[in-house]
Amino acid sequence: MTDSPLLALYHSLNAHYGDLEWWPADSAFEIAVGAILTQNTDWRNVEKALGNLKSANVLSIEAILETSTDQLEMLVRPSGYFRMKADRLKHLCEFLELNSFDALKKMGRDQARGRLLSVKGVGPETADDIVLYALDIPSFVIDTYTRRLLERFGLYSSKLKYPVLQAAFHQQLPEDASLFKQYHALIVEHAKVSCRKKPLCESCVLKDTCPQII
DNA sequence: AGCCAGGACTGAG
DNA sequence: CTCAGTCATGGC
């Protein structure tokens with residue numbers, strides 16, 4: 001029984017990079033906040049913003065809701081789009097006030113994901129970040145790195161819609177939150193060390209171990 | 001000195 | 001519904 005292409009790709013990435021321990025955070029709430037802050041933003045800038053929130057003791061639902069918009073904007077500024085993100089964090093916290101992580105987890109994937117998507121500023125990727133890493137429910141995250149990787153390996157066009165690409169992962173992988181977490185982490189890690197422009201790097205670390213794909 | 005980052009929303013056609 | 005425009009700081 002040979003692996004499906006996406007599972008084979010996972011094994012290759014995993015063999016090279018090993019366990020990556022994602023998502024770095026001290027709580028489910030910090031993960032949700034990070035998911036908003038990292039939208040189209042380098043994680044290193046997100047860390048600065050999270051650090052500001054922690055230093056100001058503003059990393060909780062109540063604290064964010066009580067903090068003035070101006071103050072919140074100042075704190076999240078290093079992560080970019082600071083006005084928009086401050087606003088999105090407010091919306092997220094209003095939502096979490098009524099829907100605890102515990103309650104969301106009990107709803108199951110589709111329900112929880114659907115509720116999250118109703119929050120202004122939470123799109124498909126952010127919702128999946130939260131469902132997967134904060135709720136520990138297997139829902140695969142499709143980001144720009146994922147699209148680029150699939151495109152390069154000739155597996156799926158990066159133009160395909162989010163649900164289509166996600167379905168491919170869901171069909172080809174065992175329904176395992178730990179595996180989904182690690183896979184997404186591996187994709188991002190690989191993106192950081194691989195070149196951005198070439199269709200497929202000659203020095204790609206997967207070249208030797210993923211012959212079925214390359 | 002540009003280019004780009006772990007997206008999502010909006011308005012136009 | 002498809003798609004360009006918009007939002008913004010910091011690293012390399």
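In what follows, every chain begins at residue 1, and chains take the letters A, B, ... in the order their sequences are listed. Note that the coordinates shown come from a computational prediction; the quantities given were computed from them, not determined experimentally.
For A/Lys192, no side-chain nitrogen or oxygen approaches OP1 or OP2 of B/dA5 to under 4.0 Å. For C/dC7, the OP1/OP2 oxygens have no side-chain nitrogen or oxygen of A/Arg83 closer than 4.0 Å.
No engagement by A/Lys85 is indicated, since no non-hydrogen atom pair under 4.0 Å with the nucleic acid exists. Within the nucleic acid shown, A/Ser79 has no heavy atom closer than 4.0 Å to any nucleic acid atom. Residue-level contact check: A/Lys161 touches the backbone only, with heavy atoms under 4.0 Å from sugar-phosphate atoms and none from bases. Counting non-hydrogen atoms under 4.0 angstrom, A/Asp143 reaches the backbone sugars and phosphates but no base. Using a 4.0 Å heavy-atom criterion, one finds that A/Tyr81 contacts the bases of the nucleic acid, with or without backbone contacts as well. At a threshold of 4.0 angstrom between heavy atoms, the contacts of A/Thr144 are confined to the sugar-phosphate backbone, with no base atom among them.
Between the CG atom of A/Asn40 and the P atom of B/dC3 there is a distance of 16 Å, given to the nearest Å. Remark: C1' of B/dA5 and CZ of A/Arg147 are 16 Å apart, rounded to the nearest angstrom. A straight line from CG of A/Asn45 to C1' of C/dA8 spans 10 Å, rounded to a whole angstrom. Between A/His184 atom NE2 and B/dG7 atom P the separation is 8 Å, expressed in whole Å. Here the P atom of nucleotide C/dT9 and the CD atom of A/Gln39 are 17 Å apart, to the nearest Å.
Nearest nucleotide to the side chain of A/Glu125, out of C/dT9, B/dA5, B/dG7: B/dG7.
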Output one line per pair: protein atom, nucleotide atom from nucleotides 9-13 of chain B, and distance, for all N/O pairs under 3.5 Å.
from	atom 1	to	atom 2	distance (Å)
B/dC9	OP1	A/Gly121	N	3.0

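Between the C1' atoms of C/dA8 and B/dG2, the separation comes to 16 Å (whole Å). Of the P atoms belonging to C/dC7 and B/dA1, the separation is 25 Å, rounded to the nearest Å.
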